[in-house]
Amino acid sequence: MIGKSIAAGLAGIRRRFGLVVLLYGVNLALAFVLSVPVYFALQSSVGPTGFGADLAGGFDFVLWADVMEKAGAVLRALPLQLLWMIPLYLLWKTAASVGLIHALRGEQIRPFWQGVGRYTGKALLLALLFLVPLVVWIVLTLVAALMLGAILEGEVGGFWLNLVIVPTLLVGGLAVLDLMHDYARIALVVAEQRVGKAAATGIAWPFRHGQASWLYLAWFVPALLLLLLPALLDANAVAATAGAVWGLFLLQQFVLLLRAAVTVGWIGSETAFYEMIWIREAPLIAEQEAEAPLAAEAMPGSQQGGLASA
């Protein structure tokens with residue numbers, strides 16, 4: 001079933017490559033809006049001095065002091081810009097996720113923007129519900145770190161605690177919550193479930209269907225590599241020549257395009273996995289729903305109530 005789900009995700013990339021381009025373009029535009037003020041602030045303060053290469057090559061306290069003196073007001077205003085940029089980005093991620101699920105589900109071609117308009121409001125409520133387990137897991141991780149910090153002492157203990165145990169707990173818990181959130185959104189769109197029921201479906205999904213975790217891991221690994229690769233390209237661009245910088249820039253854009261493709265394939269695979277199980281379990285669910293009223297009528301209290309009403 002995992003192989004069929006991955007094949008369906010790859011087929012979704014081929015059939016709806018326009019969605020890949022759309023994700024890449026919007027993500028690039030959001031990054032551009034955030035980076036332009038930083039670029040012009042540094043360019044206006046460092047560019048005329050000829051110290052741009054030194055600033056890019058390493059940290060220099062005196063040089064950074066000059067930068068903050070000349071462009072400090074612009075750089076200090078960046079956190080205020082993040083106050084509206086971060087909610088905008090999260091809104092786009094929520095809207096894009098339900099739009100992709102709607103567009104990639106089944107064999108029929110469905111409009112991406114139709115899914116955005118129909119399910120974004122419910123998806124935002126669903127995201128707010130998942131903030132509760134997110135906060136709980138972060139608090140539990142901090143408590144576990146404090147308790148283990150009292151047990152693990154010394155440099156070796158600090159290494160294992162800060163660089164192995166705490167990151168593993170935090171990343172592992174966030175990955176599980178992200179998996180649950182994915183299937184909650186899919187249940188919201190594919191099965192048209194209400195927000196509360198969709199959240200319950202998503203939370204129970206990895207426990208009921210263990211293969212969902214392996215499918216998530218199959219896409220998580222390449223997504224993580226593609227997330228780290230642009231940073232490595234930036235590090236190599238510092239020591240590269242002017243011509244090589246443009247080549248690295250184009251390669252970086254190709255990596256970002258691949259990341260958008262992985263996102264489409266990932267959501268398409270999970271949607272296909274959900275649909276296969278949903279179709280398989282649909283007769284059982286219908287049978288249980290049909291038996292529920294019959295069981296209620298067979299109860300003694302129900303019979304007495306029926307005789308009394310007669």
Side-chain angles (χ1 to χ4, degrees), residues 1-27 92-120 122-123 126 175-193 198-199 201-227 254-286:
M1 188 174 291
I2 293 179
K4 292 182 179 179
S5 301
I6 294 177
L10 296 175
I13 297 174
R14 293 192 301 269
R15 290 190 299 117
R16 306 300 300 274
F17 191 76
L19 296 176
V20 177
V21 178
L22 175 64
L23 290 182
Y24 165 78
V26 174
N27 292 334
W92 162 247
K93 293 290 288 184
T94 302
S97 64
V98 291
L100 288 173
I101 294 169
H102 179 73
L104 296 171
R105 66 189 179 107
E107 297 296 331
Q108 181 181 355
I109 300 297
R110 294 179 174 86
F112 169 83
W113 294 109
Q114 184 184 62
V116 171
R118 182 179 299 177
Y119 300 106
T120 297
K122 295 179 181 180
L126 185 64
V176 172
L177 288 176
D178 184 52
L179 185 155
M180 294 176 175
H181 194 190
D182 284 349
Y183 285 99
R185 287 190 295 242
I186 295 172
L188 184 75
V189 175
V190 175
E192 296 282 352
Q193 292 183 358
T201 299
I203 292 173
W205 194 263
F207 300 103
R208 295 179 56 204
H209 309 286
Q211 288 183 323
S213 300
W214 294 107
L215 178 61
Y216 183 92
L217 187 62
W219 285 101
F220 178 80
V221 172
L224 180 62
L225 294 177
L226 292 174
L227 181 65
F254 179 70
V255 171
L256 296 177
L257 185 65
L258 285 180
R259 281 173 53 184
V262 166
T263 300
V264 174
W266 191 340
I267 293 180
S269 291
E270 289 183 329
T271 303
F273 181 78
Y274 178 90
E275 287 180 317
M276 283 187 283
I277 294 179
W278 186 48
I279 294 173
R280 187 180 66 186
E281 295 181 350
L284 179 61
I285 296 174

Taking only residues at least two apart or on different chains, which pairs with a member in residues 255-274 satisfy salt bridge (charged side-chain N to carboxylate O under 4.0 Å, His left out)?
->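 Non-adjacent pairs meeting salt bridge (charged side-chain N to carboxylate O under 4.0 Å, His left out): zero.
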I need the single residue from Tyr274, Phe273, Tyr183 that forms a side-chain contact (heavy atoms from CB on, under 4.5 Å) with His209. Which is it?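 So, applying the side-chain contact (heavy atoms from CB on, under 4.5 Å) to His209 and each of Tyr274, Phe273, Tyr183, only Phe273 qualifies.
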Discussion item. Can you give me the closest heavy-atom contact between Ala260 and Tyr24, atom names plus distance?
Written reply: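 Scanning both residues, the minimum pair turns out to be CB-N, 3.9 Å.
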Q.
To check you understand the geometry: which heavy-atom pair defines the closest contact between Ala212 and Leu179, and what is its length?
A.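 For Ala212 versus Leu179, the nearest heavy atoms are O-CD1, 3.7 Å.
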**Q.** Gap separating the CG atom of Leu104 from the CD1 atom of Ile267, nearest 0.5 angstrom
**A.**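 With rounding to 0.5 Å, CG (Leu104) is 7.5 Å from CD1 (Ile267).
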field: Spatial distance of atom CZ (Phe220) from atom CG (Asp178) [nearest 0.5 Å]
entry: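 It comes to 8.5 Å.
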Beyond-backbone contact of [X] with [Y], side-chain heavy atoms, under 4.5 angstrom:
X: Trp205; Y: Ile186; result: no
X: Val176; Y: Tyr216; result: no
X: Leu126; Y: His181; result: yes
X: Val190; Y: Ile101; result: yes
X: Val221; Y: Leu217; result: yes
X: Met1; Y: Ile277; result: yes

Checklist entry - Between Thr120 and Val98, does a side chain to side chain contact (heavy atoms under 4.5 Å, CB included) hold up when you go through it step by step? => result CA-CA 7 Å; Thr120 297; Val98 291; 4.0 Å; yes
Side-chain donor-acceptor pairs under 3.5 Å in residues 8-23, sequence neighbours left out?
unit_1, atom_1, unit_2, atom_2, d
Arg16, NH1, Ala103, O, 3.2
Arg16, NH1, Arg110, O, 3.1
Arg16, NH2, Arg110, O, 3.3

Exercise for review: Output yes when a side-chain donor or acceptor of Thr201 lies under 3.5 Å from a complementary backbone atom of Ala184, and no otherwise.
Suggested key: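 Not a single qualifying donor-acceptor pair exists.
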Q.
Would Gln114 and Tyr119 count as a side chain to side chain donor-acceptor pair (under 3.5 Å) here? Give the steps.
A. CA-CA 9 Å; Gln114 184 184 62; Tyr119 300 106; over 6 Å; no
